[in-house]
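These notes are about the structure you will find just below.
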There are 2 protein chains.
Amino acid sequence: MSNLGIGQLAKRAGVAIDTVRYYERNDLLSPAGRLASGYRRYGEAELKRLRFIRRAKALGFTLADIRGLLTLSDERSVARIKQAAEVKLADVDRRIEELERIREGLRTLVKACPGHGRAESCPILNALNAEDAP
Amino acid sequence: MSNLGIGQLAKRAGVAIDTVRYYERNDLLSPAGRLASGYRRYGEAELKRLRFIRRAKALGFTLADIRGLLTLSDERSVARIKQAAEVKLADVDRRIEELERIREGLRTLVKACPGHGRAESCPILNALNAEDAP
DNA sequence: CTTGACTCTGGACCACGGTCCAGACTTTAG
DNA sequence: CTAAAGTCTGGACCGTGGTCCAGAGTCAAG
């Protein structure tokens with residue numbers, strides 16, 4: 001079941017070859033075996049695992065998170081998988097809130113700025129130059 | 001008007017000394033002058049500028065953005081300042097949307113997962129292991 | 001004058017997630 | 001058999017925004 005070279009694997013999973021080797025260096029994905037020449041060989045399990053990594057990244061997990069998820073999924077510990085997802089969800093919530101605060105700040109400034117006139121009357125510059133906090 | 005050493009400047013602006021020097025290396029902030037010893041001296045203008053940088057960063061501008069803003073504010077070109085803020089606002093919008101998509105994905109999975117049982121019944125693992133796209 | 005606090009420089013190092021390179025070797029298609 | 005395409009290794013490098021270090025020199029208070 002080791003029918004794929006690193007190039008085919010990478011192509012099927014939609015990542016770069018170097019990325020596959022990078023994941024190997026970082027203990028996320030090992031080849032199923034090696035040819036006598038040293039060429040890596042991969043099977044379906046590795047392809048699934050690589051796609052797992054891609055999807056988890058798309059969900060906002062870092063590679064360190066994913067390493068954890070892969071370990072947990074090996075251990076078949078559903079409760080901890082769910083917990084990890086909840087932690088990440090809270091993290092994503094926090095990042096969204098922060099960006100929303102930033103967005104409101106920008107919106108206020110953009111709305112208040114007439115887009116012409118003297119610099120002293122530009123609320124964006126004035127806000128950035130304000131004497132008081134943030 | 002060059003009454004501050006780098007330590008006082010950093011403290012008043014709420015940044016680290018190394019950060020001030022880093023900004024100098026990256027053409028964001030120069031000292032008003034130097035003592036014969038080479039010690040940097042800063043005045044009120046530099047303190048304002050450093051606080052400007054801090055606030056703009058809090059609004060999600062990168063240092064490269066801020067370099068641009070500082071140039072524009074020197075040029076007193078209000079229209080371009082407003083435009084820069086609009087561009088950044090669109091960028092923040094885009095980042096929020098992306099995170100919201102991620103959040104919905106996570107929410108769906110967390111809701112669907114009972115938190116116990118066999119790994120095969122964990123929708124989180126199943127989604128990450130799915131055969132089809134993404 | 002001494003002591004402690006401050007500052008100087010240049011360069012190394014951190015996380016993050018890769019990307020790219022040279023030089024050698026191997027596999028595959030024709 | 002040959003040539004092209006693929007792969008190997010180890011290490012350097014990218015951008016972002018800093019942080020830390022050593023070793024030397026300087027400033028301010030007592």
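Source: prediction; values computed, not measured. All chains are named by letter (A, B, ...) in the order of the sequence lines, taking the proteins before the strands, and each is independently numbered beginning at 1.
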- Taking only side-chain nitrogens and oxygens of Arg40(B), does any of them come within less than 4.0 Å of OP1 or OP2 of dT7(C)?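 Answer is no, no contact under 4.0 Å.
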
- Query: Is any side-chain nitrogen or oxygen of Thr19(B) closer than 4.0 Å to OP1 or OP2 of dT19(D)?
  - Reply: yes

Nearest-Å distance, [atom1] ([X]) to [atom2] ([N])?
{"X": "Lys11(B)", "N": "dT7(C)", "atom1": "NZ", "atom2": "P", "answer": "11 Å"}
{"X": "Glu24(B)", "N": "dG17(D)", "atom1": "CD", "atom2": "P", "answer": "18 Å"}
{"X": "Leu4(B)", "N": "dT7(C)", "atom1": "CG", "atom2": "C1'", "answer": "15 Å"}
{"X": "Leu29(A)", "N": "dG18(C)", "atom1": "CG", "atom2": "P", "answer": "13 Å"}
{"X": "Ile6(A)", "N": "dT9(D)", "atom1": "CD1", "atom2": "C1'", "answer": "12 Å"}
{"X": "Asp18(B)", "N": "dC14(C)", "atom1": "CG", "atom2": "P", "answer": "16 Å"}
{"X": "Arg54(A)", "N": "dG18(C)", "atom1": "CZ", "atom2": "P", "answer": "11 Å"}
{"X": "Lys57(A)", "N": "dG17(C)", "atom1": "NZ", "atom2": "P", "answer": "7 Å"}

- Which residue lies toward the 5' end of DNA chain C, Ser37(B) or Ala64(A), if each is placed at its nearest nucleotide?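 By nearest-heavy-atom nucleotide position, the 5'-most residue is Ser37(B).
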
- By nearest-nucleotide position on DNA chain C, the 5'-leaning member of Arg21(A) and Leu35(A) is Arg21(A)

- Message: From C-beta outward on Arg25(B), which listed nucleotide comes closest to its side chain: dT7(D), dT19(D), dG17(C)?
- Response: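 Nucleotide nearest to Arg25(B)'s side chain: dT19(D).
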
Which atoms form the tightest heavy-atom contact between [X] and [Y], and what is the distance?
{"X": "Ile17(B)", "Y": "Gly7(B)", "value": "CD1-CA, 3.8 Å"}
{"X": "Leu69(B)", "Y": "Ala56(B)", "value": "CD1-CB, 4.4 Å"}
{"X": "Leu109(B)", "Y": "Pro123(B)", "value": "CD2-O, 3.7 Å"}

- Task: Report yes or no: is there a donor-acceptor pair, N or O only, under 3.5 Å between the side chain of Tyr39(B) and the base of dC27(D)?
- Result: no

- Query: Is a donor-acceptor pair below 3.5 Å formed from side chain Tyr23(B) to base dG17(D), judging by atom type as modelled?
  - Reply: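 Answer no: no donor N or O sits under 3.5 Å from an acceptor.
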
- Task: Count the heavy atoms belonging to other residues, nucleotides or ligands that lie under 6.0 Å from CZ of Arg12(A), then report whether that count exceeds 12.
- Result: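 Incorrect, the count does not exceed 12.
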
- Looking at every strand, decide which applies to Arg34(B) at a 4.0 Å heavy-atom threshold: base, sugar-phosphate, or nothing.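 Answer is sugar-phosphate: Arg34(B) comes under 4.0 Å of backbone atoms only.
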
- Query: So, does Asp93(A) use its side chain to make a donor-acceptor pair with the main chain of Ala90(A) at under 3.5 Å?
  - Reply: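 Looks like no, no N/O pair under 3.5 Å.
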
- Query: Closest nucleotide of DNA chain D for Leu63(B) versus for Ala36(B): which of these residues is on the 5' side?
  - Reply: Leu63(B)

